[in-house]
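Shown next, in structure tokens, is the structure this report addresses.
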Number of protein chains: 2
Amino acid sequence: MNENAAVSALAALAQEARLRVFRTLVGAGPTGMTPSALAAALDIPATTLSFHLKELVHADLITVERQGRNLHYRPALAHMNALLGYLTDHCCQGQACIPSVRKRRATC
Amino acid sequence: MNENAAVSALAALAQEARLRVFRTLVGAGPTGMTPSALAAALDIPATTLSFHLKELVHADLITVERQGRNLHYRPALAHMNALLGYLTDHCCQGQACIPSVRKRRATC
DNA sequence: TTCATAGTTCCAAGATTATAGAACTATAGA
DNA sequence: TCTATAGTTCTATAATCTTGGAACTATGAA
């Protein structure tokens with residue numbers, strides 16, 4: 001994860017609808033969710049949702065796979081974790097994390 | 001850290017100049033840095049820098065304190081760690097972190 | 001006071017992002 | 001092939017963000 005990728009991923013998550021989409025996909029687990037299920041769950045018009053899904057795909061935070069007539073979107077947890085790693089590295093640079101966080105993070 | 005605060009913090013970091021400012025402040029340690037030092041280090045015009053610093057302050061990611069004629073900006077590490085905690089919680093929801101990340105995160 | 005330095009706010013322009021209807025593409029089933 | 005369903009792309013509009021010069025505010029020193 002470099003600076004550009006980090007900015008892209010952060011920008012993708014820095015929007016209420018997209019953060020909700022991502023969180024919902026994470027909650028859905030490895031099966032993923034179709035756009036129609038997401039649209040119903042989050043009450044977002046199909047075209048708007050499609051726009052946001054594309055943003056998340058471009059930022060490598062979710063993946064998509066077709067199964068018959070449906071698409072399945074899934075969270076790219078490895079990339080999300082790479083982002084967390086990048087932020088962790090650059091928030092701790094030159095000093096220790098504050099203890100409360102070191103503890104909470106280890107229980108993840 | 002709630003959804004709104006997370007979106008604000010993510011948006012504040014989702015911009016190349018601001019991410020660099022934040023990283024530079026983290027690197028500077030507890031003394032912080034003045035806007036002129038930041039402007040020199042990052043080659044950003046004063047007005048543009050001031051705009052970005054305000055965004056970061058509004059997102060609670062940095063703090064500012066006047067000392068005589070100078071201002072000292074410092075990273076708000078607790079808030080940054082709260083953001084990481086929020087993201088960690090919502091990326092791991094319902095399933096374990098992938099192992100490689102659990103390891104790396106614990107060494108932070 | 002007066003001046004210089006540090007930094008901000010004001011402002012206008014340009015660029016980017018978000019929203020959602022209409023039209024289009026792809027797939028499965030009859 | 002024809003039709004219905006799933007989803008996307010096209011398009012226009014509105015909103016928001018970014019940039020940086022000019023003018024302004026605040027502080028310390030002479």
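Below, chain A is the first sequence line, B the second, and so on; all start at residue 1.
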For B:Q15 and D:dT16, is the shortest distance between a side-chain N/O and OP1 or OP2 below 4.0 Å?
no
Using the side-chain contact (heavy atoms from CB on, under 4.5 Å) rule, pick out the option among B:L71, B:N70, B:L38 that qualifies with B:M33.
B:L38
More 5' along DNA chain C: B:A46 or A:P45, using each one's nearest nucleotide?
B:A46
More than 12 heavy atoms of other groups within 6.0 Å of B:D43 CG:
no
Min side-chain heavy-atom separation A:L53-A:V64 under 4.5 Å
no
Quick one: list whatever passes salt bridge (charged side-chain N to carboxylate O under 4.0 Å, His left out) with B:E3, sequence neighbours left out.
A:R20, A:R23
I need the CZ-P distance between B:R20 and D:dT19, as an integer number of Å.
11 Å
Which atoms form the tightest heavy-atom contact between A:A76 and A:T63, and what is the distance?
CB-CG2, 4.3 Å
Residues of residues 48-58 of chain A with a heavy atom under 4.0 Å from any atom of DNA chain D, listed by number, are A:S50, A:K54
One character per nucleotide, please: for nucleotides 22-30 of chain C, 5' to 3', B when the base has a protein heavy atom closer than 4.0 Å, S when only the sugar-phosphate does, - otherwise.
B----BB--
Side-chain (B:S50) to main-chain (B:A46) donor-acceptor, under 3.5 angstrom
no
B:L10 atom CG is separated from C:dT17 atom P, nearest whole Å, by 16 Å
For B:E65 and D:dA26, what is the distance between atoms CD and P respectively, to the nearest whole Å?
18 Å
Is the closest side-chain heavy-atom distance between B:R74 and B:I62 below 4.5 Å?
no
Whole-Å distance, A:L71 CG to D:dT5 P, equals 17 Å
Heavy atoms only: give me the nearest B:Q15-A:V7 pair and the separation to one decimal.
N-CG1, 4.1 Å
Under 4.0 Å between a side-chain N/O of B:Y73 and OP1 or OP2 of C:dT8, yes or no?
yes
Whole-Å distance, B:L13 CG to D:dT18 P, equals 12 Å
Has the side chain of A:R18 got a donor or acceptor atom that lies under 3.5 Å from a matching backbone atom of A:A12?
yes
